Amino acid sequence: MNCATATAHPNIALVKYWGKRDVALNLPAVPSLSLTLAPWSTRTTVETDAPRDEVRLAGRPATDAEASRVTRFLDLVDPDRPPCVVDSANDFPTAAGLASSASAFAALALAATEALGHTRTRAELSALARRGSGSACRSLWGGFVRWDRGTRADGADSCGHPVAGPDHWDLRMVVAIVSDGPKPTASTAGMLHTARTSPLYAGWVASAEATLAEAQAAVLDRDLERLGRAMEQSTFTMHATMHTSDPPLIYWLPATLAVVHAVQALRRGGVGAWATMDAGPQVKVLCEVEDADTVQRAIAPHALRTAILGPGRDAHLEPAC
Ligand code: DP6
């Protein structure tokens with residue numbers, strides 16, 4: 001029996017991935033850029049040579065749908081693999097637009113590759129994690145990570161690239177959890193629906209490279225205002241495609257908008273804070289370390305809970321299983 005445990009942090013996209021150029025291989029229609037965030041993490045253990053496949057999530061047996069997503073991924077890691085036991089847990093809320101699938105598939109790619117006795121480069125691990133969930137390819141690295149769209153049909157040129165490590169820029173992402181409910185439409189279904197039905201989707205794809213270039217330059221220059229503006233541009237353009245789908249896909253709740261307005265009021269008062277939302281109602285607010293408490297106080301009245309996150313490090317294997 002072999003056993004390996006890996007830990008990975010979630011990432012929040014500063015420039016969003018929304019839309020696929022290849023659904024089976026999970027290749028994106030647009031490039032994206034993210035910040036890997038600590039202290040939130042997923043910890044996953046894979047043990048080989050079990051009597052049969054067994055998947056445990058957050059200490060309970062996985063549902064059939066969850067288990068088959070995991071075991072199909074293990075088949076990609078090694079098509080000739082023995083049965084495995086997978087045990088995975090997050091220390092943060094799952095499935096509410098908080099990027100839980102990103103850290104989950106990054107940790108699983110790393111732990112399963114090790115337990116099944118394979119050797120893969122980080123870029124290969126990233127391309128593998130992408131097959132589980134697109135955004136997972138960015139969680140192999142800490143700090144700021146770019147995911148290129150790539151042009152190859154086999155996807156070999158579409159994986160994460162570290163842009164700047166976690167020590168490059170000590171920013172904060174203040175998270176407003178405004179709902180605990182599971183999201184109504186999973187991101188995969190949401191992006192396919194948007195691509196099929198929104199008249200704005202073509203404009204979203206056409207504008208993505210320029211937004212990415214702007215945000216990446218801002219990261220390298222440590223220019224928060226420039227980064228914040230590019231991030232909001234990406235967020236609101238992506239949500240505009242969702243809102244103009246048929247039928248409309250609206251992930252926002254009233255509290256989501258209340259937080260966005262609170263962030264705009266902070267900016268009018270001279271505090272550098274910018275908001276981003278994903279496939280769920282939660283809001284993440286980007287700001288300097290010294291403004292994080294002010295931001296948290298301003299958005300807390302609209303949220304069930306808030307959390308302050310900072311740059312996280314690379315996904316890594318734990319010394320003991
Ligand atoms: C809005 O990576 O969850 O969070 O590849 O279909 O599993 P699949 O989608 P997923 O989508 C994330 C979408 C997003 C933006 C982002 O993280 O870039």
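Both ligands and their constituent atoms are indexed starting at 1 by order of listing. Since the structure is predicted, the reported quantities are computational estimates derived from the model, not experimental observations.
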Testing the 3.5 Å rule here: is there a donor-acceptor pair between the side chains of T45 and D87? no
Number the atoms of ligand 1 from 1 as they appear, then name those within less than 4.0 Å of a heavy atom of N26, with their elements. 5 (O)
When you compare the side chains of W40 and S103, does any donor N or O come within less than 3.5 Å of an acceptor on the partner? no
Which of the atoms of ligand 1 are close to S101, meaning less than 4.0 Å from one of its heavy atoms? 3 (O)
Do you know which two heavy atoms are closest between A136 and S101, and how far apart they sit? CB-O, 3.9 Å
Proximity of N11 to ligand 1 by residue part, where a heavy atom lies under 4.0 Å: neither
Can you tell me if T211 and K16 form a side-chain donor-acceptor pair at under 3.5 Å? no
A279 to ligand 1, any heavy atom closer than 4.0 Å: yes
For ligand 1, which is the ligand I care about here, please tell me if M191 has any N or O atom under 3.5 Å from one of the ligand's N or O atoms. no
Can you list the atoms of ligand 1 that are under 4.0 Å from a heavy atom of T188? 6 (O), 7 (O), 8 (P)
Sidechain N-carboxylate O distance under 4.0 Å for D53, R81: yes
With heavy atoms and a 4.0 Å threshold, my read on which part of R138 contacts ligand 1 is side chain
R229 CZ: over 12 foreign heavy atoms closer than 6.0 Å: no
I'd like to check whether K16 has a polar contact with ligand 1, where a contact means an N/O of the residue lying under 3.5 Å from an N/O of the ligand. no
Nitrogen or oxygen of W18 less than 3.5 angstrom from that of ligand 1: no
Would you mind running through ligand 1 and noting each atom that sits below 4.0 Å from a heavy atom of K20? 5 (O), 6 (O), 8 (P)
Which of the numbered atoms in ligand 1 are under 4.0 angstrom from any heavy atom belonging to A13? 16 (C), 17 (O), 18 (O)
Measuring from H9:NE2 to F92:CZ, what's the distance to the nearest 0.5 Å? 10.5 Å
Could you report the tightest heavy-atom contact between A67 and A62, atom names first, then the distance? N-CB, 3.9 Å
May I ask you to check whether N11 and T36 show a side-chain donor-acceptor distance below 3.5 Å? no
So, regarding S32 and ligand 1 (criterion: nitrogen or oxygen to nitrogen or oxygen, under 3.5 Å), is there a contact or not? no
Subset of ligand 1 atoms that lie under 4.0 Å from at least one heavy atom of G134: 2 (O), 5 (O), 7 (O), 8 (P)
